[in-house]
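Please read the structure below before turning to the comments.
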Amino acid sequence: MAVLRLVLGDQLSDGLSALEGLEPGVDTVLMAEVRDEATYVRHHKQKIALTFAAMRNHAERLAARGVRVRYVRIDDPDNSGSITGELDRVLEGGGYDRVVATECGEWRLAEHLAGFAEGARLPVEIREDRRFLCSHDRFRRWASGKSQLRMEFFYREMRRETGLLMDGAQPEGGRWNYDAENRKKLPRGVTPPARLRTPPNATTRVAIADVERLFGDHFGSLEAFGWPTTAAEAEAVLAHFLEVILPSFGDWQDAMAENQPWMWHGLISTSLNLGLLDPLDVCRRAEAVYRAGRAPLNAVEGFIRQILGWREFVRGIYWLKAPEYRVRNFLDADRALPWFYWSGETDMACVADAVKTTRDNAYAHHIQRLMVTGNLALLLGVHPDAVDDWYMAVYADAYEWVEMPNTRGMALFADGGIVGSKPYAASGAYIDRMSDYCGGCRYDVKSKSGDAACPFNRLYWGFLERNRGRLRDNVRLAMPYRTLDGFGEARRAALAAEAEACRTLLGATPRD
Ligand SMILES: Cc1cc2nc3c(=O)[nH]c(=O)nc-3n(C[C@H](O)[C@H](O)[C@H](O)COP(=O)(O)OP(=O)(O)OC[C@H]3O[C@@H](n4cnc5c(N)ncnc54)[C@H](O)[C@@H]3O)c2cc1C
Ligand code: SF4
């Protein structure tokens, strides 16, 4: 009897566990574009187009290899709208003796699938997703008994385990982490190299048109769509990055520049998250570039740490703490998300640029996400649910397992210090140091109060004052709190009032 094999939209890897043992011509692969997944958050149009296009391209490739694929398009009149509904529809016809799937990346869908498996009349086997470098069990064992879970120590263990950038038992070059060398500001006159973007192939063009027709009212524009939608296209983007961009990745990793959305970043998160690239292979190839003397250690270590360290670490945290992680709000943040997060209509040059690239490209690089839009939401005290919804809705690489620990944990400190040891709160001075935004901004980055002052400055001390009870004992904040305490009571009250006025001015009003 035949096996029905489920392949989800972010499981587009040849080596997927659900496909192990597949008998072409006997088994059937089920792939379905469903409304539940496209709309449980109102995803950016490019995210939906990318997913549908990559799924369709993958299905065509499987079919060309003789695999029977049951592919359900979003506009199929009989489409039930959900993954479990589509499973029911196939199974109604009979002819299968079991269902095989790979575990879902997101808790919500994993719950649905577990419910389906419980009620199904035939065996449902849910296999581990082996495309990650650290299994759930492995992460649980690492976390067990630790009072604090720090990415740096997890990362070192992963280095030892994979042998990546190791010199025997020691880290290559004698240090585990070269972050201190990766915080350079972009000098005047240095511009990022041109990037390889992928012109949509015929299948992708149809997916883009479908999304414009069916999800035209979602956020974002499809015009500049340039994401790889096949493994071959993803490989071309990676190869270009490794040879041309990687050598300078470390130097400018934290830098920002107006109208420079890509800087020296990899542009590979969409491909990794869809399964078009394999994380271990990406890390090994980056290491090979270093070993061949074509990129320095600070660049390659910094890059590998993002994938082997951060990406695996946040996934581990998500599954260790879900579902309770999804409601964490350590700072009791309660404000609404200002409208300019969607419209981009703000005089804050740094925020306007971050929202513009987000709308046009469904992308902003890490420092824009963390230190511009994330930092501002933190300082304003926006409710984590609203911020989570925004990050899930606006990026082409958004999946809850990676988005949520980054947003709730790293950017908002809503998890109380699981992902990071302190909030990434910063005044305008940080953005001024790391970018060219402030020179052309209507606000004055040197000024601390009043309508003309940089809002990040107006908000910073008020944030610390407002959260004194929750953050005062954090050793990593001892210095700013000492400074704040030195201001005296009257000035502290004035700073709190300044921040409050700024919150209202920017539209971060109490949520209904
Ligand atoms: C608030 C916030 C929300 C985020 N939401 C997402 C998300 O929904 N999906 C997502 O993939 N990443 C998310 N990130 C992490 C990171 O910003 C993106 O992975 C990165 O910007 C993708 O662009 P790139 O491929 O050019 O990355 P590069 O800078 O070139 O980094 C290389 C790769 O490392 C991995 N990586 C880097 N930083 C992180 C990180 N902090 N966590 C996990 N992986 C990382 C990514 O796979 C990335 O492709 C978020 C970060 C923040 C601060
Ligand atoms: S002055 Fe403030 S708001 Fe304007 S660009 Fe600089 S940091 Fe951003």
Side-chain angles (χ1 to χ4, degrees), residues 10 47 105 151 195 227 237-238 241 245-246 249 252-254 256 258 261-274 277 279 282-283 286 302-315 317-318 346-354 361-378 384 387-388 390-412 419-420 424 426-447 452-460 506:
D10 59 353
K47 162 91 187 285
M151 191 288 292
R195 301 309 296 267
W227 298 110
V237 169
L238 175 66
F241 170 77
I245 315 291
L246 177 61
F249 173 88
W252 318 123
Q253 193 180 346
D254 285 2
M256 298 178 274
E258 189 154 27
W262 322 119
M263 300 298 281
W264 279 261
H265 291 276
L267 316 185
I268 55 167
S269 52
T270 55
S271 301
L272 282 168
N273 296 351
L274 286 168
L277 290 176
V282 172
C283 292
F303 179 71
I304 287 179
R305 180 163 17 95
Q306 305 312 311
I307 298 171
L308 183 65
W310 279 114
R311 187 169 186 269
E312 296 291 327
F313 179 72
V314 298
R315 176 178 182 258
I317 294 287
Y318 175 79
T346 167
D347 288 336
M348 287 180 276
C350 54
V351 178
D353 194 52
N361 302 311
Y363 179 86
H365 62 72
H366 185 67
I367 299 304
Q368 290 175 307
R369 297 189 205 194
L370 183 63
M371 299 310 296
V372 177
T373 45
N375 182 23
L376 184 63
L378 170 74
V387 189
D388 255 338
W390 187 78
Y391 278 99
M392 275 301 291
V394 301
Y395 292 117
D397 60 17
Y399 295 89
E400 195 178 86
W401 63 266
V402 52
E403 175 278 331
M404 189 169 279
N406 270 296
T407 301
R408 252 171 219 258
M410 196 185 295
L412 299 182
V419 167
Y424 278 87
S427 69
Y430 175 88
I431 295 172
D432 192 27
R433 193 165 61 247
M434 297 311 301
S435 77
D436 62 358
Y437 286 129
C438 301
C441 183
R442 166 167 100 65
Y443 294 106
D444 179 5
V445 73
K446 302 283 182 232
S447 178
C454 167
F456 287 90
N457 295 347
R458 296 183 71 191
L459 292 164
Y460 178 75
L506 295 184

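Order of appearance sets the numbers: ligands from 1, and atoms from 1 within every ligand.
The atoms of ligand 1 that sit less than 4.0 Å from any heavy atom of T407 are 1 (C), 3 (C). Near M410, with a cut-off below 4.0 Å to any heavy atom, the atoms of ligand 1 are 41 (N). Short contacts between ligand 1 and Y399, defined as distances under 4.0 Å to a heavy atom of the residue, involve ligand atoms 8 (O). Set against the non-hydrogen atoms of I268, the atoms of ligand 1 under 4.0 Å away are 25 (O), 49 (O). Applying the 4.0 Å criterion to heavy atoms of F303 picks out, from ligand 1, the atoms 32 (C).
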- request: Quick one: do M410 and H366 satisfy side-chain contact (heavy atoms from CB on, under 4.5 Å)? Show the steps, please.
  value: CA-CA 11 Å; M410 196 185 295; H366 185 67; 3.9 Å; yes
- request: Just do the ring-ring contact (aromatic ring centres under 6.0 Å, His included) check on F303 and F241 with the steps written out, would you?
  value: CA-CA 11 Å; F303 179 71; F241 170 77; 4.8 Å; yes
- request: Report the C-alpha distance between M434 and I367 in whole Å, list the side-chain angles of each, state the deciding distance to 0.1 Å, and finish with yes or no for side-chain contact (heavy atoms from CB on, under 4.5 Å).
  value: CA-CA 9 Å; M434 297 311 301; I367 299 304; 5.5 Å; no
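For atom 22 (C) of ligand 1, the closest non-hydrogen atom of the protein is S269 OG, 3.2 Å. Residue, atom and distance of the protein heavy atom nearest to atom 38 (N) of ligand 1 are Q306 OE1, 3.4 Å. For atom 12 (N) of ligand 1, the nearest protein heavy atom (residue, atom name, distance) is V402 CG2, 3.6 Å. Atom 30 (O) of ligand 1 has its closest protein heavy atom at G266 N, 2.5 Å. Atom 39 (C) of ligand 1 has W310 CB, 4.0 Å as its closest protein atom, hydrogens excluded (heavy atom only).
For D254, there are no side chain to side chain donor-acceptor pair (under 3.5 Å) partners, not counting sequence neighbours.
Using cut-offs of 30° and 60° on the angle between ring planes, the pair W262 and W227 is perpendicular. Under the 30°/60° scheme for interplanar angles, the aromatic rings of Y395 and W390 are found to stand perpendicular.
Excluding waters, the count of protein N/O/S atoms less than 2.8 Å from atom 2 (Fe) of ligand 2 comes to 1.
Interatomic distance, CG of L267 versus NE2 of H365, reported as 10.5 Å (0.5 Å rounding). The OG1 atom of T373 sits 3.0 Å away from atom OH of Y391, with the distance rounded to the nearest 0.5 Å. Going from atom OH of Y318 over to atom CG of N406 covers 13.0 Å, rounded to the nearest 0.5 Å.
At distances below 3.5 Å, not a single donor-acceptor pair connects side-chain atoms of Y437 with backbone N or O atoms of M256. In terms of modelled atom types and a separation under 3.5 Å, the side chain of D432 and the main chain of C438 share no donor-acceptor contact.
Comparing heavy-atom distances from atom 29 (O) of ligand 1 across R408, R195, Q253, H265 singles out H265 as nearest. The closest heavy-atom contact to atom 13 (C) of ligand 1, among the options R369, H365, E403, R311, comes from R369. With atom 18 (C) of ligand 1 as the reference point, the heavy atom nearest to it among D397, V282, I307, N273 is part of D397. Taking only non-hydrogen atoms, the option from L277, L412, N406, V237 nearest to atom 2 (C) of ligand 1 is N406.
Contact analysis puts Y363 in contact with ligand 1, with a non-hydrogen atom separation below 4.0 angstrom. Using 4.0 Å as the threshold, F313 has no heavy atom nearer than that to any atom of ligand 1. Using a 4.0 Å heavy-atom cutoff, F249 is listed among the residues neighbouring ligand 1. Residue contacts with ligand 1 leave out Y395, since none of its heavy atoms falls under 4.0 Å from the ligand.
The closest side-chain heavy-atom distance from Q368 to D353 is below 4.5 Å. Side-chain contact check for L274 versus Y399: some heavy-atom pair is nearer than 4.5 Å.
Between L267 and ligand 1, at least one N/O pair is under 3.5 Å apart. Between H366 and ligand 1, at least one N/O pair is under 3.5 Å apart.
Checked against L277 for a side-chain contact (heavy atoms from CB on, under 4.5 Å), the options I307, V237, L238 give a single hit: L238.
Annotation for R369 and Y363: closest pair NH2-CD1, 3.9 Å, computed over non-hydrogen atoms. For N457 against G428, the heavy-atom pair with the smallest separation is OD1-N, 2.8 Å.
Residue M392 does not touch ligand 1, judged by heavy-atom distances below 4.0 Å.
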